[in-house]
Amino acid sequence: MSDAEPVGTERTPESEVPTTSDAIDSPLLEVQGLRKEFGGVTAVDGTSFKVGTGALTGLIGPNGAGKSTTFNCITGIHEPTGGTVRFDGHDVTGLAPYTLAKRGLVRTFQIARELSEMTVLENVMLAPPAQMGESALRSVLPGLREQVQRDEADVVEEAWETLEFFEIDHLAHENAGNLSGGQRKLLEMARVLMTDPEMVLLDEPLAGVNPTLEEKLLDRIDELRQDGLTFLLVEHDMDVIMNHCEHIIVMHQGRVLAEGDADTIQSDERVLEAYLGGDV
Amino acid sequence: MTGFEDVRDRLEELPDAALVVSFLVGIWLLLTALAFSVGGAQSANLAAGFVGSVTVLVGAYAILTLALNLQWGYTGLFNIGIAGFMAVGAYTTAILTAPVDPGAGGVPGFGLPLWVGLLGGMVMAAIVGAIAALPALRLRADYLAIVTVALSEIIRLFVNWGGVAEVQVFGKRFGTGGATGISFESPDEIVATLVNGPGQPLVTAAESVGISGPNVVNMAYGLSLLGIAAGSYWVLSRLVNSPFGRVLKAIREDETVTQSLGKDTRLFKIKAFMIGCALMGLAGALFRGSAGYISPAQFRPVITFYVFAALIIGGSGSNTGSILGAATFSALLFYLPARLGEYVPTFGQSAPGNVFEAVAALGSLDPTPLVAYTVSNVSTLRFVLIGVVLVYIIQNQPAGLLGHRNEPATSVDLTRPHAADGGEADE
Amino acid sequence: MGIAETVSDGRRLAIERPDAGAVAAVLLYLVADLTTKLLGTTVYALGFRVMGGSLTVGSLASMAVDGLLVGLAVGLAGIGLSMTYSILDFANFAHGDTVTVGAFLGWVAAYVTANLAVSAPLTDLFLFNGGAQLSASASWALVLFGLVVAALGTVAVVLVVDRLVYRPMRDSGSISLLIASIGVALALRYLIAFVFSTQTSGVATSGARLQLFAGVAITDNEIALLVVSVVLMLGVHLLLQRTKLGKAMRAMADNEDLARVTGIPTERVVRLTWVLGGALAGTSGYLLVLESGTISFNFGWILLLLIFAAVIVGGIGSIYGAMAGGVLIGLVDSLALIWLPSGLTRAAAFAVLIVVLLLRPSGIFGGVSTA
Amino acid sequence: MNQQAQRSADATLPDPAESLLAVRDLDAGYGDLQVLDGVDMDVADGEYVVIVGPNGAGKSTVMKSVFGLTTYMGGTVVFDGEDISKRRPDEIIHEGIGYVPQNDNVFGSLTVRENLEMGAYILDEVPEDQIRTIYDRFPILEERSTQKAGTLSGGQQQMLAMGRALMLDPDLLLLDEPSAGLAPDLVAEMFDRIDGINDDGTAVLMVEQNAKEALRRCDRGYVLVQGQNRYQDDGDVLLADQQVRQDFLGG
C-alpha cells in the first residue's frame, strides 16, 4: 500500500470548471482559484465562485469537501496558499478578520461561540463598529465620557431592537453561557448583524436548532435580504438549502463541482455521486 | 463553605463604596481592639501604628490588584512578572529623583521632583510592558506567564548588577546602586513635611492622646496610598465600564470571535497591558520605595504571587472585589497574623529555639512549648495559611469574594429604552 | 494569484526570518569570539575590540563541567515538571519546592544517621547544627541512604498533595491548576521554613578530588551527582521505553482521549506520573545540595525558573528534551561568564528561555514529542 | 418537519437477546445538545452493518454512544445480553467491543508495535499470538513495527488503529469513517481489509461517508437522518432505492 497521494493531482486547472458564476452580474464576493494547503494536504484546491449582491447562496458538499476551510480563508482566519478573494470590488485576500469585518464582511461560527461570561446584551453591544468609547482615553476623561455615553445610548437602543428582532430580548441580562444551543445561534446572528455588515457568511447556523427556531431564523434571513444583505450559507440540512437558496455551489474534494439553482443541483448525477461517496 | 457564602451574600447587599469603607473600618477597628487589649498605656499609639501600617499595605496592594485585574481579570493576560514592572517603576523614579550630588556612598541621579519621577516611572513601566507584550501576546496564557516572570527576574538581576550601580552617559552620572540599592526623594518625607507643616494641629491633637508624630505621618501616608488606590479605582472603573472594557472582556472570552467582529484585538491587549504595568510601576515606587530607598531584594518574584492571591481572593474580574481581596490579603492574612504572633500570650513560656525541641516536649505531655513555638513563628506560618487559602478558594470558590458578580461593561443604563411605553416600539 | 501571494510571502519572510537570522548571527559571533579567545588573539575594527581576548582551555573546561553538573540536576528535576505539564496539562509552580522537600528529607535522614554517635543534641542535628558533614567518598552508604529517603519521601509528599489539591480538580482548566500550585508552593516552602528555620546550613563537604586535565578537577560529590543523574536518566528512559506503564504514560501524553478509549487506566497513569516526577525532583534536590554543600528553605523555589527554562527550551512534554534542555541551560548559565559579568549569567539563561519561547514555542527539541 | 420519517415498525425489531448488539430507542448527545432521537439498531453475530446518512445525521454519535462516549439521555444498548448503556469505555472494552475513532486514532510518538501493545493494555501479558495475527492481516505493520506511528501514511495509520482495536479479539468492531481522508485508490483496499476482518467472524458496525461502496459491501444498512432511523434494509436494496438517494440531497 503506497503513501497517500495528494488529492486531485491529475485534475484540470480551475479555469475549466464549468460555472454559472458568469451569470451573476453584480458579484459582491468573488473567489478566484482559492487554494489552501496544510502541511502536504490540499484542503482547498482552486475554488472559484461568485456571490451576487443581495442573494442567498448555499455552499454545500460532503464532509471534507473543503467548505469550512474556504470559509476560513475568505474570512481571514486562515491565510490562503493561493488565489484571490475580492469583496465589493477590492482584493481582500489574506486580510485580518477585523479588517474584513470593518469592510462589512462578517461570519458566524459553526459551533456558536458566545462570549459566555458576558450578558446577551453585552454580546450584541460589543459588535457595532468604531464605537467612540473603544478609545481608552475617551471612556475615562470627563467631558469626553459624556459623548461616549450618548454614543452608547444609541448602541443600547439598537441592541434591544436587534434582540427583539430575534426574540431573545427576554434573555438580555442573562449570561450568554446560560443560553440553550438554539438561543446561542440566534445570539450569534444578532451579534453579527450589529456590525452593520454588507455580507454575512453563515457556517451551519441551523445545526442543533429546533424546527420552530429554525423557521424563525430563516424568516429573519429573508427579511434581512429584503434590506439588501447578502448571505453565503454553509448548511447540512438539504431541505433548507434546496428550499431557500436561489443559487447553490457544490464543493467536492476542494473544488467547485457544480453550481446552479436547486433543480439543477438535484438533477445533477455527479452531485449525488459525490454525496454517496462516488469518485467524481 | 456555607460560612463563606454567608459572608458573600451579606457583602452583596451593600453598595460598593459602603462595602469597601465598612470593610476597611472593620479592619481598623479590629486592629485597634487588638492594640488596646495588649498595649496598656501605649495602646493609642500602638493602635495608630497598626492602623498606619495596615493602611499602607492595603493601599499598595489595592493599586497592584486593580492593575492585575485589568490585565488578568478583564483581558485574560496572565502576567506574573508584576515584581519586575514594580521594579522598573521604582528604579526609574529613584534614578530620576535621586540627588545630583548625593555625597559619600550615595548614587547620583537627576534630582528631579518626585512627581516627575513617578510619572517617568509609570511611563517606563508601560514601555517595558509594551516591549514584553508585543511579541508575547500571541502566546498561550501560561507561556505569557513564563515570559513575564523570566523578564521580571532579568530586570531584578540587571539592577542588582554592579556594572550599572553607577554609570556615566554623556557626562551625566547615575545608576541603580547595584545590590546596595539607591536612595532618592522619599515620598514618605513629602507627606511628613505636609503633616508637620499645615497638618501641625492634627499632630498636636494626636500627640495629646499619646499618638506619636511618626505614626501620624504613617497613617497619612497610608491614606494617601488609599487615595491613589481610590483614584485608580475610579479611572479603571470608567475604563472597563465602557465599550473599551467590553472589548477587553470579549478578548478574555474568545479572541477569534472578537476579531471577527471587527476589533483589532492586539491593540486593545497592548493598551490594557501597558495601563496595568504603569500602575504597577507607580505602586512599586510608592510602596517599596516609600522610605526613599529601594534595593533589588525588594522585588523578588514572590510579591507577584501575593498580588495574585489578593486578586483570586477578591474575585478576578471585579474592581471592587480587587480592593476587598487586597484588603483581605494584606490586612487579614499578611499583617494581622504577624501582629497576633507578637502579642498572643504564650502561657509565660518562652518559645524553644526550634520545632524539634517543641515536639520533644510533647513526649512529656507538655504542649506549651509547641504552642509557644508556633505562635512565635506565625510570621512564617501565615504564608502557609495564604497557600492553603489560595488552594481552598480555587477549589471551592473560584469566583472569589465578588468575581461572580455580573458587572456589565458599559457606561450607560442598560434597561430597555421605551420600556415605559408598554413595549409599543416594535411589536 | 500572484501579487497578493508575493506580498503575503514577503510579509511572512519579513516577520519570521529576521528573528531566526539574528539568533544565528549572534550564535555565530559567539562561536567566533570564543575561538579567537581560546587562540589568544584579539580582533580590532575601527579601534574597537570586536572579538577575542584570552581564555584558557582549562577555565573553559571547568566552566563547562560546572554547567554540565548543574544542568544534569536541573534536567533531572525538569523531567517531572515536563511530565506533569504534558499529562496533567498545567505548569506546576510547586515543583521547585518539591525539590526542596526532597533535599530536606534526604539530608535530615543522612545527616542525623551519620551523627547519631556525636554528642550533639538530636534537635541540633535535625537543624544540621554541629556534627560531621558528609561526602560521597567518605560516607557513600549514608549518602546513598539519604538519596533513597529523598526519593521515597518526596513521592509520599507529592501523592498526598495530589490527593488533597489536584485530584479534586482534574476537570479544572490549566490556569486554575496553576494557581492551586502556587498555593501549594507557598504552603510547602513555609512549612519547611517553620520546621527547619530560614537559615542556610552546610551539610555536605567535598572529600576527594579527581584531577582530569588542564587543571580541571572534579570532586567526589560532583562525580556522585554525575553518576546518579546519568543512571536515573537511563532508568527513566528504560521505564518509558520498556515497561507497560511507561508506554502508557507516553501514550497519555500523546492523546489522552485516545488513551481512555483504548482502555488505559488514566488515573493510575496520573499517579505514576506524580510518583516518577516526585522521586526525580526529590533526588535532584538532594544531589544539588550534595554538590553545593548547603541547604536552605527556598533554594528549590529560586531554581524553579531555571527548571522551567530547561523544560521549555527542551520542548514541553518531551522527557529527553527536559534532560537536554537542563544541560543546555546549565551550560548557558555557566558559560555566559565568558561574556557577561557574574551577576548577569542567570539573566542570560532566562533570556535564552524567552527567545526560545518567542521563536520556537515548541522548544528546540520540540516536535519530537514525548519520547 | 419530515412527515415521511417512518420509524421501523416496532413489531419488526428482533428480540434484543437474539442480537449481538441491540440498540433500542436511544436518545443521546453532548452536554445539553441532543443528537439522537429514539434510534433503534441491531447487529447480529458476525454481521456487517453500515450506517449511512447525510452530514450531521448523528451517525458517529450512534457509534460513540454504543461505546459510552456521549451523554446518555434514554433508551438501552444491549450487548451480548448485557445492558451497557451506562457503562464507561474502559468497561465496554472488557465486554468485547473494539472502537476505532475517526481522527487522531494512533499514538503518534509510540512505535507501531507499542500502539498494538496499548490495545491489549488490560491484559497482563502482551498477547504475542494476537500481534502475530494482526501482522499477518496487515503485513505493512510488521514491516514498520519499530517506526513511530506518527510517521505512517494516513492509510497505514488507519490500519494500525484497526489493528489496535483488534488486539483483544473483539466480537464487535466499531469503525468510524475508516475511509475518511484516504486517497481514492486506497479506499477500495481499506474496504477489502474490513471485508477480511468480517469474514473471520468479527461483527462490524461502521459509519461511512462513502455510502455507495459501503452499502455495496455490507450485509445490512441503516439510513439515519437528523438523529432518527429513516430506512433499513439490505445494502443493495438501499443502494438501488431512489428515495434513499434523494434523502442525501433533501428536496
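Proteins come first, then strands; the chains are lettered A, B, ... in the order of their sequence lines, and each starts at number 1.
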Self-check item: Portion of B:Leu157 that has a non-hydrogen atom of chain C nearer than 4.5 angstrom
Solution: both

Quiz item: Contact part of B:Leu385 toward chain C, heavy-atom cut-off under 4.5 Å: side chain, backbone, both or neither?
Solution: neither

Any side-chain heavy atom of [X] sitting closer than 4.5 Å to one from [Y]?
X	Y	answer
C:Phe297	B:Thr380	no
B:Val149	C:Phe308	no
B:Arg300	C:Asn298	no
B:Thr374	C:Phe194	yes

Residue pair [X] / [Y]: nearest heavy atoms and the distance that separates them:
X	Y	result
C:Ala351	B:Ile154	N-CD1, 3.7 Å
C:Val195	B:Val355	O-CG1, 3.4 Å
C:Leu344	B:Phe158	CD2-CA, 3.9 Å
B:Val391	C:Ala180	CG2-O, 3.5 Å

Taking atom [atom1] of [X] and atom [atom2] of [Y], what is their separation to the nearest 0.5 Å?
X	Y	atom1	atom2	result
C:Leu357	B:Ile146	CG	CD1	6.5 Å
B:Phe308	C:Ile182	CZ	CD1	6.5 Å
B:Ile394	C:Ile179	CD1	CD1	4.0 Å

Quiz item: Once the angle between the rings of C:Phe126 and B:Phe356 is folded into 0 to 90°, is it parallel (under 30°), tilted (30 to 60°) or perpendicular (over 60°)?
Solution: parallel

Is it the backbone or the side chain of [X] that comes under 4.5 Å from a heavy atom of chain B, or both, or neither?
X	answer
C:Phe90	neither
C:Tyr85	side chain
C:Leu164	backbone
C:Leu305	side chain
C:Leu178	side chain

Exercise. Mind ranking C:Gly183, C:Ser174, C:Ser172 by heavy-atom pairs under 4.5 Å with chain B and telling me who comes out on top?
Key: C:Gly183

Quiz item: Who among C:Val184, C:Ile312, C:Leu127 has the most heavy-atom pairs with chain B under 4.5 Å?
Solution: C:Leu127

Quiz item: When heavy-atom pairs shorter than 4.5 Å are enumerated against chain C, which of B:Val384, B:Ile312, B:Leu390, B:Asn377 gives the highest number?
Solution: B:Val384

Quiz item: Counting distance only, does the side-chain N/O of B:Gln395 pair as donor-acceptor with the main-chain N or O of C:Val165 below 3.5 Å?
Solution: yes

